[in-house]
Amino acid sequence: MKIAEVFLNQTNKRIDHPYDYRIPQQLESVIEAGIRVVVQFGIGNRRVEGFIISIKETTNFTGRIKEITEIIDSQPILNKEQIELCLWMKTTYCSLFYEALSYFTMSIQVKDETYYYKNLGSFDLNLKENWFLEHYYPKDQKTLRQKKVKPEDRVILVELVERKILAAKKRWRILSDPTAAETVGEISYHLTDLGREAIDSNKRMGKKQLELLKSLQNNDMMAADLKMLSAQFKKSLNPLILKNYVIEYEASPHQNAYNSSRFEKQRRSVVLTAHEQLNYKRYLELTKAKSGVFFHVFDGTSKYRLFFKAIEDQLKSGKSAVVIFPEVNMTFSRMEMFYKYFGDLVGVFHGQLTPKERTDLYRRVRDGELKVVIGVRTALFLPYQNLGLIIIDDDHDPSHISISTPRFHIADIAKKVSALMGATYLIADDTPRVATWYQIEKNEIAKIQIGVEQKLRQAIEIVDMQKEMHQGNMGILSRTLVKYLTTSLLHKRMGVLFINNKGYANSVLCRNCGHVEKCPQCGVALKYFNQDHSLHCHYCGYKKAVPIKCPKCNSEKIRHMGFGLDQLEEYLSKVLPDARIGIVQGAMNRTEIKKMNRAISDGEIDILIGTQVIIKHFNFTNVGVAAAVLIDRDLNQGNYQASETVYQTYSRFFVKAMDGTTKGLIQTHEPENETIYSIKNENFQEFYRGEIRYRQLMKYPPIVNMVSFSVFQKNEKEAENDAFSLYVAIKNELKMFGDGHTVYKPVRVGATKGGNITYQIVLKTLKAEVFQNLMPKIIKLGIIEALKSKVSVHIDL
DNA sequence: CTAACAGCAACC
DNA sequence: GTTGCTGTTAGG
């Protein structure tokens with residue numbers, strides 16, 4: 001007799017463990033680990049979807065074992081290693097099994113048709129209803145009277161059962177409808193060979209028509225794009241379509257603009273420079289000893305050539321490779337390079353693919369047709385046959401962290417995958433994460449430096465805003481900056497101002513001496529609360545009133561930190577009324593970005609001001625002055641990673657904006673701040689040493705593991721009670737794990753979405769396995785279930 | 001005395 | 001989530 005261990009697709013932590021089911025004789029040859037099945041569950045024999053993680057001969061379960069009802073997949077959708085990875089994710093990130101599984105099933109849409117139709121007849125009924133069906137379904141009044149069922153009850157029950165049947169039908173249909181993958185296309189245009197000839201042979205045609213044909217020369221375009229060229233493009237295009245110069249077609253919405261068919265597909269071998277050859281040799285040596293390698297990147301093109309070389313070698317030995325970019329847009333912009341080197345072995349995977357395209361990619365990867373996959377996080381969960389190399393590009397980018405549960409950093413998954421499949425993992429970054437560098441220092445990952453440092457940032461001037469104030473300048477921009485902006489305007493060069501105005505101005509600082517109130521225990525800036533005009537610590541709940549006088553210098557000039565983009569624009573237009581100002585910010589779509597980029601390259605912008613996006617999506621040269629106008633707010637964000645984020649974003653900003661002749665400038669109230677100095681000195685190691693010392697002292701990741709529990713509740717009193725009983729329970733359970741951990745008392749966290757009262761409990765521990773063991777225990781004891789509040793677990797990555 | 005109800009454990 | 005079991009209680 002064969003037994004299958006099955007995880008159920010249920011959103012309940014208490015039943016999220018394997019259940020044993022007997023495999024019916026006739027299915028023994030078909031069923032293996034990695035396929036989904038339908039089983040009956042509970043007293044009511046509800047039909048639920050399950051996933052087989054393993055097959056065994058015997059069971060320890062003493063009760064009555066049920067049989068597997070049906071098979072969903074005709075072959076395993078996860079291989080052995082992937083099943084193990086999925087289980088590891090479940091325990092490591094305290095998620096449900098099916099939540100972890102969802103990352104693997106994202107590309108599987110179309111299911112077996114037989115499954116679809118077979119299930120229409122069966123539905124879940126509980127015992128009471130089954131019993132009712134057996135006894136009372138007949139409309140015969142005599143029988144009903146005998147059985148003592150009131151006619152009106154029968155009506156209600158019949159209705160109930162019929163509703164259930166309907167619901168069941170609906171449910172299965174949604175799950176398995178193969179036609180659900182229908183795509184909605186966008187109208188696009190393609191230049192035919194005939195059209196190309198027409199351009200080359202200088203055939204007579206309208207000016208607009210020629211322009212349109214030429215714009216289609218390099219790639220297909222969507223109607224929306226052509227509209228930007230000429231509002232009435234259809235007028236000139238229609239005759240071209242009639243002449244068969246241009247083909248109109250409907251393509252899937254996103255693939256279209258980036259359709260792989262527009263790229264030249266070649267196979268080229270990689271040629272390295274002498275310096276790169278040395279680096280590559282080192283890389284090969286290091287991968288023999290360790291599975292992880294880190295590229296500290298100072299030369300982007302060199303980095304890619306090394307990537308290609310490494311991939312090429314993997315292909316030669318019959319293995320495949322995957323490259324993970326943080327974002328879809330980055331994937332798109334790197335695509336072409338990959339096609340040039342590896343032609344049709346390349347697959348591109350991202351969230352904007354249609355279900356059909358996804359399934360197609362899944363199949364081709366599984367069958368070994370595609371050997372180089374580039375894409376976003378989820379691309380790592382495809383069924384690679386013989387994976388030799390995983391590359392994570394731009395490791396520091398926050399998009400590498402998955403937002404939905406399980407919350408993880410893709411580099412951690414890559415590490416695990418490489419251990420499971422014996423693949424090399426390669427992380428590349430120009431502004432390393434502290435967590436990654438920590439692994440390098442601990443000798444878990446080897447490091448190679450790519451290219452040489454430019455040391456351009458050393459020219460950055462740090463402007464003391466306290467001095468400015470003392471000398472009578474109450475404005476938001478320093479006199480030096482205004483002076484530089486004026487001269488750069490004169491020389492027709494652009495000024496770029498970076499301001500990170502997202503979020504609230506929630507710290508408080510002394511305008512006189514730059515002092516910021518910090519938590520005595522946790523070392524982070526205290527956050528300002530409007531309700532009671534007080535300052536709170538984000539982690540431990542320490543609370544104090546906003547001081548009237550600065551504790552350091554006794555001044556009364558205590559102010560909220562910060563101003564926004566709008567205020568900056570207003571100020572600039574007053575100080576430099578002739579300057580043409582361009583504003584860029586997060587909520588811009590692709591066309592707006594294009595437009596702005598064009599305006600910048602056409603020299604229509606004198607001063608560009610913007611938030612984070614300025615670093616990623618905009619291209620500019622000829623920058624006269626590049627300035628960070630409000631670094632202090634970012635430095636005092638009230639979380640322990642503030643300095644790290646500041647180092648990364650501001651370094652990148654200056655690298656992007658400065659060439660050898662650009663004036664760099666940072667405005668601050670803390671001119672002695674170490675992070676600012678490290679940015680100026682272009683010295684990551686120096687920054688890291690200071691930062692890791694701070695984290696050691698204050699006990700923050702990566703030194704400790706940190707997890708926070710959030711308790712949500714509508715009712716104020718109950719929220720408090722629940723939070724405290726959870727706190728007590730955690731404390732009690734922790735006793736089992738010896739010492740080396742700290743739990744902070746529940747802290748009431750300020751306004752959250754949905755009007756919920758939220759309490760937060762922070763747990764720090766030196767042992768990673770503590771909360772992995774703690775969570776199942778707390779769940780088993782029913783502590784969280786006993787609470788009326790919703791509880792969520794947030795692991796700090 | 002009973003219907004109603006909340007609390008609870010189990011689901012293989 | 002769904003179910004049945006258990007103990008408690010309001011209402012007659």
Side-chain angles (χ1 to χ4, degrees), chain A residues 1-25 27-28 31-33 35-72 83 87 90 95-99 101-102 119 122-135 148-150 152-153 156-157 160-161 163-172 174-175 405 713 715 718 721-722 725-726 729 776-792:
Chain A
M1 188 175 68
K2 292 227 166 173
I3 307 285
E5 284 191 284
V6 178
F7 265 101
L8 304 173
N9 182 8
Q10 297 282 282
T11 50
N12 186 337
K13 289 194 170 168
R14 296 196 66 165
I15 56 170
D16 198 35
H17 60 84
Y19 286 89
D20 289 351
Y21 279 89
R22 194 175 325 119
I23 301 173
Q25 205 105 58
L27 291 181
E28 260 187 29
I31 285 186
E32 18 176 348
I35 70 172
R36 285 170 299 176
V37 288
V38 178
V39 294
Q40 299 199 327
F41 185 68
I43 292 166
N45 278 334
R46 250 166 339 116
R47 295 166 47 84
V48 290
E49 186 189 302
F51 179 88
I52 301 179
I53 54 156
S54 71
I55 308 281
K56 54 186 186 180
E57 299 292 329
T58 54
T59 173
N60 294 328
F61 186 67
T62 46
R64 197 179 69 88
I65 287 201
K66 291 178 187 173
E67 269 191 352
I68 286 172
T69 318
E70 278 162 48
I71 313 180
I72 293 177
I83 295 173
L87 287 165
K90 170 185 154 46
S95 79
L96 296 173
F97 182 84
Y98 256 76
E99 284 171 341
L101 187 68
S102 68
N119 287 297
S122 53
F123 39 85
D124 40 334
L125 286 179
N126 59 38
L127 271 188
K128 221 185 249 167
E129 288 151 1
N130 259 326
W131 176 81
F132 159 76
L133 268 186
E134 274 168 31
H135 292 80
K148 285 182 190 168
V149 170
K150 292 178 224 151
E152 58 264 38
D153 283 352
I156 293 167
L157 278 169
L160 187 113
V161 169
R163 246 207 330 274
K164 280 221 165 186
I165 294 170
L166 258 174
K169 281 185 181 175
K170 220 173 172 181
R171 198 157 54 240
W172 291 116
I174 289 164
L175 257 176
T405 36
Q713 170 71 275
N715 181 309
E718 279 182 38
N721 282 341
D722 281 359
S725 52
L726 181 61
K777 246 186 148 173
I778 288 181
I779 290 158
K780 207 161 207 167
L781 290 169
I783 292 163
I784 289 179
E785 264 65 22
L787 305 178
K788 278 197 178 147
S789 320
K790 265 212 159 120
V791 177
S792 77

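Residue numbers start from 1 in every chain, and the chains themselves are labelled A, B, ... in the order their sequence lines are given, proteins ahead of strands.
Of all nucleotides in DNA chain B, those with any atom nearer than 4.0 Å to a heavy atom of chain A start and finish, going 5' to 3', at B:dC11 to B:dC12.
Here A:K66 pairs with A:N45 under the side-chain hydrogen bond (donor to acceptor under 3.5 Å, both in side chains) rule; sequence neighbours left out. With sequence neighbours excluded, no residue satisfies side-chain hydrogen bond (donor to acceptor under 3.5 Å, both in side chains) with A:E99. In terms of the salt bridge (Lys or Arg N to Asp or Glu O under 4.0 Å) criterion, A:K13 has no residue partners (sequence neighbours excluded). Take A:R22 and apply the salt bridge (Lys or Arg N to Asp or Glu O under 4.0 Å) test, not counting sequence neighbours, and it matches A:E67.
Atom CZ of A:R14 is separated from atom C1' of C:dT2 by 13 Å (rounded to the nearest Å). C:dT2 atom C1' lies 9 Å from atom CD of A:Q10, rounded to whole Å. Rounded to whole Å, atom C1' of C:dT2 lies 9 Å from atom CD1 of A:I15. Rounded to whole Å, atom P of C:dG1 lies 14 Å from atom OH of A:Y19.
Of all non-hydrogen atoms in A:I3 and A:E57, the two that sit nearest each other are CG1-O, 3.9 Å.
Using a 4.0 Å heavy-atom distance criterion, A:F61 is classed as a base contact. Within the nucleic acid shown, A:I65 comes within 4.0 Å of sugar-phosphate atoms alone, with no base atom in reach, counting heavy atoms only.
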Please output the side-chain donor-acceptor pairs of residues 58-65 of chain A that fall under 3.5 Å, not counting sequence neighbours, one pair per line with the distance.
| unit_1 | atom_1 | unit_2 | atom_2 | d |
| --- | --- | --- | --- | --- |
| A:T59 | OG1 | A:D20 | OD2 | 2.5 |
| A:T59 | OG1 | A:F61 | N | 3.0 |

